[in-house]
Amino acid sequence: MDGLSAVLLAAFTALLALAAPLLAGDPDMLQDLCVADYKSLEGPLRLNGFPCKRPENVTATDFFSDVLSLPGNISNPVGSTITAVNVEKVPGLNTLGMSMSRIDYVPWGVNPPHTHPRATEMLFVLEGSLDAGFVTTAGKLFVRTVCKGGVFVFPRGLVHFQKNNGGVPAVAISAFNSQLPGTQSLTEAMLAAFPLEHTDVLVRALQIDGGAPVHVV
Ligand SMILES: *[C@@H]1O[C@H](CO)[C@@H](O)[C@H](O)[C@H]1NC(C)=O
Ligand SMILES: *[C@@H]1O[C@H](CO)[C@@H](O)[C@H](O)[C@H]1NC(C)=O
């Protein structure tokens, strides 16, 4: 590599390093407030995010929610439930690039493998003890026990899960660097979303056929 190429490469690398933090989450805000105006989306208008309410229509309540104060309803087969506070619940979060959730677990309950395409998650264990883990795109599993008071980070977009590893209920609070992180459940994406006429895709992908391995040509 000649001197000029080396300088250009160094400059390009420095530019990337500067740009990376700006691209790590939601786009930056351009004004103090942009409280989501849900009503304006009732018409034909469609855009990436929410338009801002008129300033005279903004109230303190636009920045408030108490939904995290109560446990969610955990009457489901997996034994966990998520209560989210995102831009769809708190309009004042619009353009601020963050949101939170509360997760309640029955004893041994599981928050099944899922991803958040738009956010890194930082989970704080409020009560109980969890086994928390994520899988990289290289297929490497990072998992460990996180006791009350501990935190664990799930990098943006990676498949992750938690399991209550105790015989008592557990509670966690999660923070996200997106106003609407999005959640894609692996089981729902693979099993619930596929109509019957496409089960051959799953049979081949999962190598199953009535419980027996499928012969791959
Ligand atoms: C905003 O306030 C104006 C009056 O200041 C009212 O006419 C309008 O309906 C309000 N819009 C919304 C979305 O509440
Ligand atoms: C909790 O969810 C279950 C199953 O969806 C439902 O039958 C039950 O009524 C719910 N309980 C409350 C208190 O909402």
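Ligands are counted one by one from 1 in listed order, and the atoms in each one are counted from 1 as well. Hydrogens, waters and symmetry mates play no part in the numbers below; they use all other heavy atoms, side chains included.
For atom 2 (O) of ligand 2, a protein heavy-atom neighbour is found at a distance under 4.0 Å. The presence of a protein heavy atom under 4.0 Å from atom 11 (N) of ligand 2 is confirmed.
Salt-bridge formation is detected for the pair Lys53/Asp62: a Lys NZ or Arg NE/NH1/NH2 atom is positioned less than 4.0 Å from an Asp or Glu carboxylate oxygen.
Compare Asn76, Asn73, Ile74 by their heavy atoms: the one nearest to atom 13 (C) of ligand 2 is in Asn73.
Between the side chains of His114 and Gln184, no donor-acceptor pair of N or O atoms lies under 3.5 Å.
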Pair Asp26-Ser178, side chain to side chain donor-acceptor pair (under 3.5 Å): steps then yes or no: CA-CA 6 Å; Asp26 289 1; Ser178 170; 3.0 Å; yes
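For atom 5 (O) of ligand 2, the nearest protein heavy atom (residue, atom name, distance) is Ser75 O, 4.3 Å.
Here His160 and Phe154 bring their ring centres to under 6.0 angstrom of each other.
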